[in-house]
There are 2 protein chains.
Amino acid sequence: MLIGEVSAATGIDTQTIRFYERQGLLPTANRAPNGYRIYNDTVISRLQFVRASQSAGLTLADITGILTQRDSGDAPCAHVSGLLEEKLADVRARQFELAALAADLGRLIESSHDLDPADCSDADICHIISAPRVGQDEASNARTLH
Amino acid sequence: MLIGEVSAATGIDTQTIRFYERQGLLPTANRAPNGYRIYNDTVISRLQFVRASQSAGLTLADITGILTQRDSGDAPCAHVSGLLEEKLADVRARQFELAALAADLGRLIESSHDLDPADCSDADICHIISAPRVGQDEASNARTLH
DNA sequence: CTAAACCTTGAAGTTGAGTATAAGGTCAAG
DNA sequence: CTTGACCTTATACTCAACTTCAAGGTTTAG
């Protein structure tokens, strides 16, 4: 199988497949006499594993770790469980942050309905954002939108 | 005021303040005869506005837009309201994605309790992630953790 | 005189996961 | 013999918001 066929079979761009090889997610490919990469179909399931792992929130570095362990003969199950628990904790933390941000935005938007643009002074730039608000929580810095 | 004092007053690194100037978030600073940047205290509230806007999820590009409008004499209120509505929509979309990801991770973790590492074959790399699961939703690709 | 604590500039590096560009070799069809 | 679809490599670029590095000038204290 040539790289284009692997690409067609997986939906992953040829450039990306070469990139994964450079990153160590795929073993160094065998070559035909003309220099073309030659694959057997184990590469398909490996690439599908990469995509499945990504959709579970794992990074390529995480996935490299799993694959390396598997390639060395170990079952990576315990390692994977740990990673998934970590990711779930990350997701929950991010959900918490986003909930707070959504609440902030909601308050800001609501206050914008009550404020008159004519009252917006030059010094505070925009009174929707910079007008002093009561009960503003200090932790709201450090929150960003991703 | 020198740049270090502005930094101390706002908690924003001097390098970052120079970076903001290059990005157009701060006007070109006046200079002392020795070349040092000299600030008056309007820069403090401007930097605080930047931080407040960031904590509302606005990007530096968004903030540059607001500041430019304000500097040209317009009240940016209508523009800001629009931005905040957009950001809230982004946050809600992200919350939705994260909820789906959290559910996926929960299912994966639960299945990992039921699976035996001894049953994990070489071919599927890790049966927690790659074992065929019923009712897997197609949209779960395209989700990433941020 | 020297050391420290400031300040200056420009350029490059960081992170993650690719994507794009350039310049070229290979192969089958017509 | 040429066109087009493949394949190869290396290098650079993308996004955002900084951070780090290198190499130097200025000021103040001892």
Side-chain angles (χ1 to χ4, degrees), chain A residues 1-26 28-39 43 47 49-67 83 86-87 90 94 141-146, chain B residues 1-26 28-39 43 47 49-67 83 87 90 94 101 141-146:
Chain A
M1 231 186 336
L2 297 181
I3 197 168
E5 299 172 83
V6 175
S7 172
T10 57
I12 297 173
D13 192 84
T14 58
Q15 297 270 43
T16 304
I17 295 169
R18 293 192 196 98
F19 169 73
Y20 285 170
E21 181 178 326
R22 276 202 303 284
Q23 295 300 112
L25 285 150
L26 297 177
T28 308
N30 293 325
R31 299 299 178 123
N34 62 10
Y36 290 12
R37 285 177 180 78
I38 299 290
Y39 296 95
V43 78
L47 285 169
F49 178 80
V50 172
R51 283 297 189 241
S53 301
Q54 282 187 304
S55 78
L58 302 190
T59 65
L60 294 186
D62 292 333
I63 301 166
T64 303
I66 298 170
L67 257 11
L83 279 175
E86 270 178 41
K87 294 300 159 179
D90 291 348
R94 191 81 193 105
N141 295 356
R143 275 206 302 270
T144 11
L145 177 62
H146 290 297
Chain B
M1 229 183 338
L2 296 181
I3 197 169
E5 299 172 82
V6 174
S7 173
T10 58
I12 298 173
D13 192 83
T14 58
Q15 299 270 42
T16 302
I17 295 170
R18 292 190 197 99
F19 169 74
Y20 285 170
E21 182 178 325
R22 276 201 304 285
Q23 295 301 111
L25 286 152
L26 297 178
T28 308
N30 294 324
R31 299 300 179 121
N34 61 10
Y36 289 12
R37 286 175 181 79
I38 298 291
Y39 296 95
V43 77
L47 286 169
F49 179 79
V50 171
R51 283 299 189 239
S53 301
Q54 283 188 304
S55 78
L58 303 190
T59 66
L60 294 187
D62 292 333
I63 301 167
T64 303
I66 299 170
L67 256 12
L83 280 174
K87 294 301 158 180
D90 291 349
R94 193 81 193 106
L101 179 53
N141 295 358
R143 276 206 301 270
T144 12
L145 178 63
H146 289 295

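Heavy-atom basis, side chains included; hydrogens, waters and symmetry copies ignored.
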Rounding to a whole Å, what distance do you find between [X]:[atom1] and [N]:[atom2]?
X: B:Tyr39; N: C:dC6; atom1: OH; atom2: P; result: 16 Å
X: B:Glu21; N: D:dC18; atom1: CD; atom2: P; result: 16 Å
X: A:Gln23; N: C:dG18; atom1: CD; atom2: P; result: 9 Å
X: A:Tyr20; N: C:dG18; atom1: OH; atom2: P; result: 3 Å
X: A:Asp13; N: C:dT21; atom1: CG; atom2: P; result: 13 Å
X: A:Leu25; N: C:dG16; atom1: CG; atom2: P; result: 13 Å
X: B:Asp62; N: D:dC15; atom1: CG; atom2: P; result: 15 Å
X: A:Phe19; N: D:dT9; atom1: CZ; atom2: C1'; result: 16 Å

Nearest heavy atoms of [X] and [Y], plus distance in Å:
X: B:Ile63; Y: B:Val50; answer: CD1-O, 3.7 Å
X: A:Ala29; Y: A:Glu21; answer: N-OE2, 3.5 Å
X: A:Tyr39; Y: A:Leu2; answer: CD1-C, 4.2 Å
X: A:Ile12; Y: A:Ile17; answer: O-CD1, 3.6 Å
X: A:Asp13; Y: A:Ser7; answer: CA-OG, 3.9 Å

Q. For DNA chain C, whose closest nucleotide is more 5', that of A:Thr16 or that of B:Tyr36?
A. B:Tyr36

Q | Comparing A:Leu60 and B:Ile38 on DNA chain C - which has the more 5′ nearest nucleotide | A | B:Ile38

Q: Calculate, to the nearest 0.5 Å, the distance between atoms CD1 and CZ belonging to A:Ile66 and A:Phe49 respectively.
A: 4.5 Å

**Q.** Nearest listed nucleotide, side chain of A:Gln54, among C:dG18, D:dC7, D:dC18
**A.** C:dG18

Could you go through nucleotides 9-11 of chain C and list every protein N or O atom that sits under 3.5 Å from one of its N or O atoms, giving the distance for each pair?
residue, atom, partner, partner atom, Å
C:dT9, OP1, B:Arg31, NH1, 3.3
C:dT9, OP1, B:Arg31, NH2, 2.8
C:dT9, OP2, B:Arg37, NH1, 2.9
C:dT9, OP2, B:Arg37, NH2, 2.9

**Q.** Under-4.0 Å side-chain N/O to phosphate OP1/OP2 contact, A:Asn34 with D:dC7
**A.** no

**Q.** Donor-acceptor contact below 3.5 Å, side chain B:Asp90 vs main chain B:Lys87
**A.** no

